[in-house]
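Ligands are counted one by one from 1 in listed order, and the atoms in each one are counted from 1 as well.
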Amino acid sequence: MQNSSEDDNSLDPQDWESFRASAHNALDVAIDYVRTVRERPVWRPVPENIRESLNEPLPLEQRSIEDVCADFRDLILPYATGNIHPRFFGWVHGAGLASGIIAEMFAAAMNSNCGGRNHGAIYVEDAVIRWCEDLFSFPPDASGLLVSGTSMANLIGIAVARNSRERGDIRALGLKHYGRPLVAYASEQAHDSVLKAMEVLGLGSESLRKIPVGFRFSIDLAMLRKAVAADRSAGIEPFCIIGCAGTVNTGAIDPLNELASFCADEKLWFHVDGAFGALAIASESLRSRLAGIERADSLAFDFHKWPQIQYDAGCILVRQGDLQRAAFSMRPAYLHHVDRGLGSGEDWPCDYGPELSRGFRALKIWFAFREHGLRKIAAVIERNCQQARYLADRVASIPELELLAPVDLNIVCFGFRVPGFSEPELDALNEEIVADLQESGAAAPSTTRVSGRLAIRVNITNHRTRFSDLDVLVDTVLAAGRTRSNRSRS
Ligand SMILES: Cc1ncc(COP(=O)(O)O)c(C=O)c1O
């Protein structure tokens, strides 16, 4: 029998009631933080003294949980990315859900390892994957996996595409035994995670052919056909086409049906990067824009973007589930299949991706869809697209502003212009305007380049954004632009 001093070695609270009080206080802090977000600046830089405090050496001794919470409140909480704020418009960030606090807390309490085995969390992930398969009209023998984000989902999709070529066992022999070089194709607007996937998979970034885009920033099909034909006649083997369902720069959607047909004709894998745009399928009014997505061999998308679910949460779906399993399943003796007990269950998530130990990502997704339902999430998506059109109309109506790309979904690229300024001067000015806005805490757009020009890029994937927030954005851009351009004139 163990003695009491050994029992004391547990890391559990010594006094559960005092832990309960601290945890309730912490929950109040978290709820107040989300509830009052509109009253704070979108973003503020981390001061030097705070950075120094965070740079402390590895603690060796115990501290009370109250102390740790107090440090968190003072040193970390005020300096968030800002994406829960209604005027965060940078990159493609979701805003998160208040109830995500509860889901994350429960997931932490269970501390499930979702690599596999037979327990409730696995069935929750199965349910979430089934919802996704239904949403995208994938067949019953499709498979899927929750991952950290679309970067990982793209990597897995392209890995399955690579491994599913008919010739050679790439898993056993590696690429050098494959024979001919393998190449993939995507529009030049495709996200760099596709490029990274090509590098990580040993295919090389030069093996991603970047196909030019047309006026609306979607892939030029004629150029794609030419590039595939040229590679084939040079003895190079095309294996995959990556279609974009919402490009990161402008939100452009490639012609997915045409890409699917071309892939079928050419016997190529059709992977779709739908990081944020894929979820527009939830909206009746936007769905037709994604026609053909249901024909993808693999589809990558995120829950942490438009569905507003807390980071991190992405998904990969593969039409032919056995191919995903064949690319990743590996069961050493200590994980071998058994019929009974905790180690049972046929399909383990670790059979469908590179990770063995995995957290309970599915719970926050399950919570969000059960609480809000797909219709409410679709309404957010539709409203964000209306807001993007509203902003584009405002930009078009103000002579000092110019729209730099067509608005397909939820992204608006525009610039402040000044007669007589050269393009490099305008680029520098717009870069400064964005930094001014971020540093003032008024709004946080980001920048990108479209057709060679630096653009103020406004992405709206935020359930808290109101139309009036876009008015604030326009007013602050105009004020910053006028101040800076007057200054450089005088
Ligand atoms: C089109 C597109 N693909 C891929 C990604 C990468 O997604 P994640 O950041 O979830 O890995 C993004 C991120 O914004 C994206 O917009």
Point to revise | T448 side chain to N249 side chain, donor-acceptor N/O pair below 3.5 angstrom | key: yes

Practice item. Go through the structure and list residues passing ring-ring contact (aromatic ring centres under 6.0 Å, His included) with F136, not counting sequence neighbours. Key: F301

Check your understanding: Looking just at side-chain N and O atoms, do R295 and N257 make a donor-acceptor pair shorter than 3.5 Å?
Key -> yes

Please tabulate, for the side chains in residues 82-96, all donor-acceptor contacts under 3.5 angstrom to protein atoms that are two or more places apart in sequence or on a different chain.
unit_1	atom_1	unit_2	atom_2	d
N83	ND2	G94	O	2.9
H85	ND1	R87	N	2.9
H85	NE2	R40	O	3.0
R87	NE	A442	O	2.6
R87	NH1	D469	OD1	3.0

Does ligand 1 have any N/O pairs with the protein under 3.5 Å, and how far apart?
unit_1	atom_1	unit_2	atom_2	d
ligand 1	3 (N)	D273	OD1	3.2
ligand 1	3 (N)	D273	OD2	2.7
ligand 1	7 (O)	K305	NZ	3.2
ligand 1	10 (O)	T150	N	3.1
ligand 1	10 (O)	D302	OD1	3.4
ligand 1	10 (O)	D302	OD2	2.6
ligand 1	10 (O)	H304	NE2	2.9
ligand 1	10 (O)	K305	NZ	3.1
ligand 1	11 (O)	T150	N	3.4
ligand 1	11 (O)	S151	N	2.9
ligand 1	11 (O)	S151	OG	2.6

Practice item. Run the numbers on M330 and C350 for side-chain contact (heavy atoms from CB on, under 4.5 Å), then give the verdict. Key: CA-CA 8 Å; M330 191 177 275; C350 66; over 6 Å; no

Exercise for review: Enumerate the residue pairs fulfilling side-chain hydrogen bond (donor to acceptor under 3.5 Å, both in side chains) with a member in residues 366-375, sequence neighbours excluded, ordered by first and then second residue.
Suggested key: S99-E371

